[in-house]
Amino acid sequence: MTKPIIFAGLLVFSMGQTVLFALMGPVARDIGLAEWQVGAIISSAAIVFVFISPIWGKISDRWGRKNVIVTGLFGYAAATFLFAGLLQIGLRGFIGASVTFGLLLASRLLYSLLSGGIQPAAVALMADLTDNEDRSAGIAAIGAAFGLGSVLGPALAAGLVGFGILVPLIFAAAMAMLIALIAIPVVKEPVKSDDGSDNGDVKLDPKAIAPFLLLSFGIFVAISTLQQTTSFYVQDFTGTESQEAARLAGFAFMALAIAMLIVQGAIVQIMKPKPPLMLGLGLPIAAIGVVVYLTAPSFALLISGFAIMGAGFGLVQPGISAYVSLQTGAEQQGAAAGYVQAAMAGGFVIGPLAGTALYGYSPSAPLTLALSATVICLLLFVYLHFKSKREK
C-alpha cells in the first residue's frame, strides 16, 4: 500500500495548489488586493522553498521518506485551513485589504516551512525503488501524480465553487489530513535499491548538476508566470465575473494537467526515454504552446495552447529530475531532489512577481516573459547537449 498512499498524498497536494491558482485571482480582487500583492504572496512562499527544500531533502536521507512526506501533508493541511480562513475574513470585510495581505503572506510562509519536504522526499523515494533504466519513468510517475491532481483540482474548483468560492480549497486540505492519518500505520519505508548500477558511491557534486538546476529555475519561471496570471488573463479575455472566471481558468489548468498526465503517466511509462530526449522534445513543444496561448483569438485556442504547454512541460520536469538523480549516489537522493526543488522554487519567486507586475502594463507581457524563459532554456540545453557530445 505504500505507493498508492504516497501517490494519493501527492495528488491531493497538487490538487490543492491548482485549486488555489484558479481561485486566488478572482478572490483577491473581491478582497481588494492588487495583482502584485497576489504575486508577492506566492513568491514569498517560494523564497522559503528555495532554502527549506534542500534541508528537508537531507532530513529525508536520515529520517526517512515516509516521515517527511507525512509531516508535510499535515503541515500543508493546517496551513491551507488557515489561509482559507483568512481569505473568508477578508471577503467579509472584517479586516482591511492591507491587513489581510499581511496575514495571507504569513500563512503562506508557514505553508512553505511545513510542506517543503513533500516533493523532494517523494522523488527520493522513487529513486530508492528504481534502477538507472527505469529512473525517468519512475520519476515521471511522481509527475503523473501531480498531473492527475492538477486535473482534479480545476474540476474540483468548478464543481464545488457553487457551494462557496473557498469550499474547494477547504476540501483539498481536509483530504490531505485524511491521507496523512492513513499513511502513519499503512506506509512502510521502502528498501533502497542496490543492484550495482545505482551509483551508490557517487557523491553529490552541486557544480556538475548546476546547469540542470538553472534549467529547472528557468522553466519554472515560465510555468509560474503563466499559472499566476492565467486567472486574471481569462477574466479579462472573457469579460466574466469572479466565479465564472475561476471556472474558466480551471478549464485552462485542466487542459494543461491532462496533457502532462498523458505524457508522464502513459507515454513516458511505455517508452522510457532518456532524460536528454525528454528535454530535447519537451522544451520546443512547451515554447510552441506558449506562442499559441499568446496569439489565441478565441478561448478554445487558448485552451489548446495550454494543452500543448502541458505536453512539453510534462517531458521537461521529470527529465531534469531524472538527470540529476542519475548523477547522484543512493544515499544522497533526498539532498539532490531538494536542490532541484529549490531551483523550481526559485523560479516561483521570480515568475509570480514579474508576471503580475508586468500584467499591470500589458496582459500579453507575462506571456512574453514565459516564452522568453522557455526559449532561453532550450538554447541552454542545446549548448549543454553539444558540449557533452564533444567531450565524449
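Values in this document were obtained by computation on a predicted structure and should not be read as measured data.
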* Asked: Does any non-hydrogen side-chain atom of Leu160 lie less than 4.5 Å from one of Val19?
  -> no
* Asked: Could you go step by step and tell me if Gln317 and Phe220 meet the side-chain contact (heavy atoms from CB on, under 4.5 Å) rule?
  -> CA-CA 9 Å; Gln317 184 177 347; Phe220 272 84; 3.8 Å; yes
* To do: Flag the pair Ile41 / Met24 as yes when at least one side-chain heavy-atom distance between them is below 4.5 Å, and no otherwise.
  => yes
* Spacing of OG1 belonging to Thr374 relative to CD1 belonging to Ile288, to within rounding of 0.5 Å -> 11.5 Å
* Residue from Val70, Ile182, Leu10 passing side chain to side chain contact (heavy atoms under 4.5 Å, CB included) with Ile5 -> Ile182
* To do: Find out whether Val290 and Leu226 are in side-chain contact, i.e. whether some heavy atom of one side chain is under 4.5 Å from a heavy atom of the other.
  => yes
* In terms of hydrophobic clustering (I, L, V, M, F, W, Y; side-chain heavy atoms under 4.5 Å; direct or indirect links), are Ile89 and Val27 co-clustered? -> yes
* To do: Please lay out, stage by stage, how Val38 and Tyr359 fare under the test side-chain contact (heavy atoms from CB on, under 4.5 Å).
  => CA-CA 12 Å; Val38 176; Tyr359 195 90; over 6 Å; no
* To do: Work out which heavy atom in Ala322 is nearest to a heavy atom in Pro275; give both atom names and the distance.
  => CB-CG, 3.9 Å
* Asked: Do Leu358 and Leu371 belong to the same hydrophobic cluster, where Ile, Leu, Val, Met, Phe, Trp and Tyr are linked whenever their side-chain heavy atoms lie under 4.5 Å apart, directly or via other members?
  -> no
* To do: Report yes or no: does Trp56 contribute a side-chain atom to a donor-acceptor pair with the main-chain N or O of Leu113 at less than 3.5 Å?
  => yes
* Is there a donor-acceptor pair under 3.5 Å between the side chain of Ser112 and the backbone N or O of Arg108? -> yes
* Asked: Of the non-hydrogen atoms in Leu169 and Gly16, which two are nearest, and what is the gap between them?
  -> CD1-O, 3.9 Å
* Shortest non-hydrogen separation from Met309 to Gly289 and the atoms involved -> CG-C, 3.4 Å
* To do: Go through the steps to decide whether Leu379 and Tyr383 satisfy the test side-chain contact (heavy atoms from CB on, under 4.5 Å), and finish with yes or no.
  => CA-CA 6 Å; Leu379 295 175; Tyr383 167 76; over 6 Å; no
* Find out if a path of hydrophobic residues (ILVMFWY) with successive side-chain heavy-atom gaps under 4.5 Å connects Phe7 to Leu181. => no
* Asked: Gln264 side chain to Leu315 main-chain N or O, any donor-acceptor pair under 3.5 Å?
  -> no
* Considering all heavy atoms, the nearest Pro120-Ala337 contact -> O-CB, 3.5 Å
* **Flag side-chain contact, heavy atom, 4.5 Å: Leu86 against Phe83** => no
* Residues in ring pair (Phe, Tyr, Trp, His ring centres under 6.0 Å) contact with Tyr233, at least two apart in sequence or another chain -> Phe237, Tyr293
* Sub-4.5 Å side-chain heavy-atom contact between Met344 and Phe217 -> no
* By ring pair (Phe, Tyr, Trp, His ring centres under 6.0 Å) - contacts of Phe101 (at least two apart) -> Trp36
* Donor-acceptor contact below 3.5 Å, side chain Ser14 vs main chain Leu11 -> no
* List the atom of Ala336, the atom of Val324, and the distance in Å for their closest heavy-atom pair. => CB-CG1, 4.0 Å
* **Pairwise side-chain contact, Pro318 with Ile142, heavy-atom cut-off 4.5 Å (strictly under)** => no
* Donor-acceptor under 3.5 Å (Thr225 side chain, Ala370 main chain) -> no
* **Donor-acceptor contact below 3.5 Å, side chain Thr71 vs main chain Val68** => no
* Does the ring centre of Phe306 sit less than 6.0 Å away from the ring centre of Phe313? -> no
* Structure fact -> Looking only at heavy atoms, the pair that brings Ala335 and Lys58 closest together is CB-CG, 3.8 Å
* Asked: Taking C-beta and beyond as the side chain, do Phe49 and Ser115 meet within less than 4.5 Å on heavy atoms?
  -> yes
* Asked: Does Phe74 share a hydrophobic cluster with Ile170, counting links as ILVMFWY side-chain heavy atoms below 4.5 Å and allowing steps through other members?
  -> yes
* Mark yes or no for whether Thr80, through its side chain, and Tyr76, through its backbone, hold a donor-acceptor pair below 3.5 Å. => yes
* To do: For ring pair (Phe, Tyr, Trp, His ring centres under 6.0 Å), just list the numbers for Phe212 and Tyr339, CA-CA rounded to whole Å, side-chain angles, deciding distance to a tenth of an Å, and then say yes or no.
  => CA-CA 10 Å; Phe212 289 87; Tyr339 281 118; over 10 Å; no
* Asked: Under 3.5 Å, is there a donor-acceptor pair between the side chain of Lys274 and the main chain of Tyr323?
  -> no
* State whether the side chain of Arg65 and the backbone N or O of Ala121 hold a donor-acceptor pair below 3.5 Å, judged by distance alone. => no
* Structure fact -> One should read off an interatomic distance between Lys272 NZ and Met278 CE, to the nearest 0.5 angstrom, of 12.5 Å
* Asked: Would Ile258 and Leu302 show up in the same hydrophobic cluster when neighbours are defined by side-chain heavy atoms closer than 4.5 Å?
  -> yes
* Asked: Does Phe299 CZ have over 12 foreign heavy atoms under 6.0 Å away?
  -> yes
* Could you check Val123 against Val340 for side-chain contact (heavy atoms from CB on, under 4.5 Å), going step by step and ending with a plain yes or no? => CA-CA 10 Å; Val123 172; Val340 175; over 6 Å; no
* Structure fact -> Taken to the nearest 0.5 Å, the spacing of Leu109 CG from Ser107 OG works out to 8.0 Å
* Validation row: Ile59, Asn67 side chains within 4.5 angstrom (heavy atoms) -> no
* Is Asp30 reaching over with its side chain to a backbone N or O of Leu91, donor-acceptor style, under 3.5 angstrom? -> no
* Structure fact -> Between the CG atom in Leu166 and the CG atom in Leu20, the distance rounded to the nearest 0.5 Å is 10.0 Å
